[in-house]
Amino acid sequence: MSKTVRTRYAPSPTGYMHIGNAKAALNEYLLAKSQGGVFILRIEDTDQKREIPGAVEVIYDTLNILGISHDEGPDVGGPAGPYVQSQRKATGIYMDAALELIKKGAAYYCFCSKERLETLTRDGAHDILRYDRHCLSLTKEEINAKLAAGEPFVIRQLIPEGKTSFTDELFGEITVDNSELDDQILMKSDGFPTYNFANVVDDNAMGITHVVRGTEYLSSAPKYNLLYNAFGWDIPKYIHVPMICDEVTGKKYSKRLGAPSIQDLVAQGYLPEAIVNFIALLGWSPADNNEFFTMKELEEQFAVSGLSKSPSIVDMTKLRWMNAEYFKRMDPERFYSMSAAYLETFPFDKAKLAAMVQPRITFLSEIPELLDFLKALPDYDIALYENKKQKTDAAVSLKALEPAAELLAGISPEGWNNDALYAALQGLAAEMGMKNSQVLWPVRVALSGKAATPCGATELLELLGRDASLARLDDGIKRLS
RNA sequence: GGCCCGUUGGUCAAGUGGUUAAGACACGGCCCUUUCACGGCUGUAACAGGGGUUCGAGUCCCCUACGGGUCACCA
């Protein structure tokens, strides 16, 4: 019987969430859900200076928009709380852990000032800075005296000699020489733990079984193992996943590179389901060739075995395509209600308009432009009447338009429907020895003033109604004459 | 620069020693009783390079190149 899977998304409240962050959250969430586990939200606010007010709310909001719901967290509580590190710090959990490490000889006090650290000889050739263990030689008495005098201090991890290996579920075993590792700070002089330390302490305290994180943490992973071993704690399974990169720079997706927030994307008209579907497919592929997944399906089908090892680039063109697909596949009723706001000002059958527009848009905001000609005939160039493929031009159009207008004028308002209109115009074309398109193209242009409309000529006739249609046809004839 | 990781078409990616090397986006062509679109069909396009191992290598090993990551009292 294996333990319940517990995963966490642990953001620091330093701003909005972009696709990369959302992907990180989604990975943790899906791993938990695919195994009937628990997904936890933990806020890592150990850097007081970087904290941005309101950022936690943005995180809640973003997760909510995407449908990534946490089972435990600051707002919903849970058995492993508190879920905010600044609150956990108040319980003394980090300091206690650090002290325990000192007792075990795996950490030590350091009183070096920032100034002294600055003067540490940089390795000229490599330009790297490593702590020189100046304070490691302090005697117990010296330490106690400094502590008693209230000297500021940090606590550093004592990296032993040798090599350290750890096993990643995706990348396999990775070994580094401990000489590569710095005696990193565990507790900062302001009493807060560093990210690396708080992470280990909390993951253990919260019973986290699987950690999914980006490969940017791959090289610090051995230090975690050292910590776990020093404590004698069970090491969770680590799954380092490839990063999400920017299309133009090819570098890690980041705020600095101007990555849009999830909220921005939604405001631009991207559907949350499409965004989730799209990012789920970044760096992961399902067992079959399916490309469309609801969150529920992702929860069922997500598997570590489908994860890729190489980074992926965000292709906004594909996201746009996916968004359009989501509109096309959307339940018509839902589409109708979503598009209602954009259809409001059009004095036509809204359900009909929605149905026309549904398979033709990427964003709802495209609707007004798609339909604006319905409200008022735009001033258009008669060059529109020329279409090589339809074998028509201004002269042919005029020749077709005049009898067409006359014919249509003879149709009563009661008989004014698409089927009848189509039959009539088709009949006219046959009578005149013309191709259907040689009649229908000019009619559509005259009705719309556009080369592209969301429907055909006779559908337009029906939509506009008899009077408006006949008026527009006359206008077209005038323009051509 | 040290260390770590990666490298299949422009992009997302399947592929776990024997395949005509999938599929999707994008792009081109054709078809679709009326445009654009949708849809259908179809085309161009890839195993970074070099050495091994093997009867056989995109798949295993080594080297090189390129890319990324990491080396903070940031997370």
Side-chain angles (χ1 to χ4, degrees), chain A residues 10-14 44-47 49-50 110 112 114 117 123-130 152-156 168 170-171 174-177 179-182 184-196 198-199 214-222 240 242-243 245 247 250-252 278 281-291 305-306 308-322 324-325 328 356-361 370 384 387 389-390 422 425-426 429 435-441 443-445 448 450-460:
Chain A
S12 58
T14 54
E44 308 217 329
D45 58 346
T46 56
D47 188 352
K49 299 183 287 290
R50 289 212 322 167
C110 171
C112 291
K114 284 208 171 120
L117 260 22
D123 183 331
H126 307 309
D127 192 37
I128 54 169
L129 183 62
R130 253 204 250 305
F153 66 89
V154 299
I155 296 177
R156 288 183 182 271
D168 180 87
L170 230 199
F171 289 92
I174 291 174
T175 303
V176 297
D177 197 295
S179 64
E180 290 295 326
L181 276 20
D182 188 30
Q184 65 173 340
I185 291 175
L186 268 18
M187 294 298 290
K188 302 189 266 190
S189 57
D190 63 359
F192 273 85
T194 56
Y195 162 81
N196 285 309
N199 226 253
T215 50
E216 64 266 39
Y217 299 103
L218 207 47
S219 37
S220 54
H240 286 91
M243 293 174 295
C245 296
E247 347 187 34
K251 294 186 196 288
K252 185 177 126 185
F278 175 74
L281 258 20
L282 247 27
W284 178 78
S285 62
D288 58 22
N289 245 339
N290 185 23
E291 280 206 293
S305 60
S308 156
K309 281 188 186 178
S310 48
S312 28
I313 290 170
V314 172
D315 180 0
M316 291 304 279
T317 304
K318 187 151 185 179
L319 210 208
R320 262 177 250 124
W321 165 79
M322 185 152 271
E325 281 298 313
K328 273 178 224 156
M356 277 179 186
V357 125
Q358 182 169 4
R360 297 163 197 272
I361 57 160
L370 216 49
L384 274 182
N387 184 308
K389 197 177 159 198
Q390 308 306 335
Y422 185 77
L425 290 180
Q426 196 180 26
K435 285 175 51 116
N436 283 347
S437 61
Q438 286 175 307
V439 174
L440 293 163
W441 175 272
V443 168
R444 201 174 53 78
V445 170
S448 67
K450 286 188 152 191
T453 57
C455 59
T458 58
E459 289 166 284
L460 268 184

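Note on A:Gln390: only backbone sugar-phosphate atoms sit closer than 4.0 angstrom, heavy atoms only; bases stay farther off. At a threshold of 4.0 angstrom between heavy atoms, the contacts of A:Cys110 with the nucleic acid are absent. Using a 4.0 Å heavy-atom distance criterion, A:Phe192 is classed as making no nucleic acid contact.
One can place CG of A:Asp168 at 13 Å from C1' of B:G6, the figure rounded to the nearest angstrom. Residue A:Ile313 contributes atom CD1, which lies 10 Å from atom P of B:G68 at whole-angstrom precision. Rounded to an integer number of Å, the gap from A:Arg130 CZ to B:U70 P is 16 Å. Between A:Leu440 atom CG and B:U35 atom C1' the separation is 10 Å, expressed in whole Å.
B:U70: Watson-Crick or G-U partner is B:G2, with both key distances under 3.5 Å. Nucleotide B:U16 has no partner under the Watson-Crick or G-U criteria, as no pair reaches both atom distances under 3.5 Å. Under the Watson-Crick and G-U wobble criteria, each requiring two contacts below 3.5 Å, nucleotide B:U59 is left unpaired. Here B:G39 sits opposite B:C31 as a Watson-Crick or G-U wobble pair (both hydrogen-bonding atom distances under 3.5 Å). B:U11: Watson-Crick or G-U partner is B:A24, with both key distances under 3.5 Å.
The two residues A:Phe278 and A:Lys318 make their nearest non-hydrogen contact at CE1-CB, 4.0 Å. Between A:Lys450 and A:Leu370 the shortest heavy-atom distance is NZ-O, 4.3 Å. Between A:Tyr422 and A:Asn436, the shortest heavy-atom contact is OH-ND2, 3.8 Å. A:Arg50 and A:Ser12 get closest at one heavy-atom pair: NH2-OG, 4.1 Å.
Contact annotation: A:Lys309 reaches the phosphate of B:G6 (side-chain N/O to OP1 or OP2, under 4.0 Å). Phosphate proximity of B:U33 to A:Asn436: absent, as no side-chain N or O sits under 4.0 Å from OP1 or OP2. The side chain of A:Tyr217 contributes no N or O atom lying less than 4.0 Å from OP1 or OP2 of B:U70. Residue A:Lys328 has no polar side-chain atom (N or O) positioned under 4.0 Å from OP1 or OP2 of B:A37. Considering only side-chain N and O atoms, A:Ser310 lies nowhere under 4.0 angstrom from the phosphate OP1 or OP2 of B:G68. Proximity of A:Thr215 to the phosphate of B:C4: no side-chain N or O atom is located under 4.0 Å from OP1 or OP2. For A:Lys49 and B:C74, the shortest distance from a side-chain N or O to OP1 or OP2 is below 4.0 Å.
When each of B:G69, B:A22, B:A75 is scored by its nearest atom to the side-chain atoms of A:Asp47, the top-ranked nucleotide is B:A75. The side chain of A:Arg444 has B:U35 as its nearest neighbour among B:G23, B:U35, B:G6. Side-chain atoms of A:Ser285 lie closest to B:A13 of the nucleotides B:A26, B:A13, B:U35. You'll find that the side chain of A:Lys251 is closest to B:G68, out of B:G68, B:A13, B:A75. Which of B:G10, B:U7, B:C36 sits closest to the side chain of A:Asp315 comes down to B:G10. Set against B:G69, B:U8, B:C3, the side chain of A:Met243 has B:G69 as its closest nucleotide. When distances are taken from the side chain of A:Thr317 to each of B:A26, B:U35, B:A24, the shortest belongs to B:A26. Closest to the side chain of A:Lys318, out of B:G6, B:C4, B:C25, is B:C25. Among the nucleotides B:C3, B:U35, B:C74, the one closest to any side-chain atom of A:Trp441 is B:U35. Set against B:G6, B:C74, B:G39, the side chain of A:Glu325 has B:G39 as its closest nucleotide.
The backbone N or O of A:Asp177 lies less than 3.5 Å from no partner atom in the side chain of A:Glu180, so there is not a single donor-acceptor pair.
Looking at which nucleotide of RNA chain B each of A:Asp182 and A:Ser312 is closest to, the 5′-most match is held by A:Ser312. Both A:Gly456 and A:Asp190 lie close to RNA chain B; mapped to their nearest nucleotides by heavy-atom distance, the more 5′-ward contact belongs to A:Gly456.
Taking the P atom of each, B:A48 and B:A21 are spaced 15 Å apart, rounded to whole Å. Comparing B:G28 with B:U44, their C1' atoms sit 7 Å apart, to the nearest whole Å. Atom name C1', nucleotides B:A26 and B:G69: the rounded distance is 29 Å, in whole Å.
No hydrogens or angles were tested; on distance alone, a donor-acceptor pair under 3.5 Å links the side chain of A:Ser189 to the base of B:C73.
Taken from CG in A:Asp315 to CE in A:Met322, the straight-line distance is 11.0 Å, to the nearest 0.5 Å. A:Ser305 contributes atom OG, which lies 9.5 Å from atom CG of A:Leu170 (distance to the nearest 0.5 angstrom).
Looking at heavy atoms from C-beta onward, A:Leu218 lies out of side-chain contact with A:Glu216 at the 4.5 angstrom threshold.
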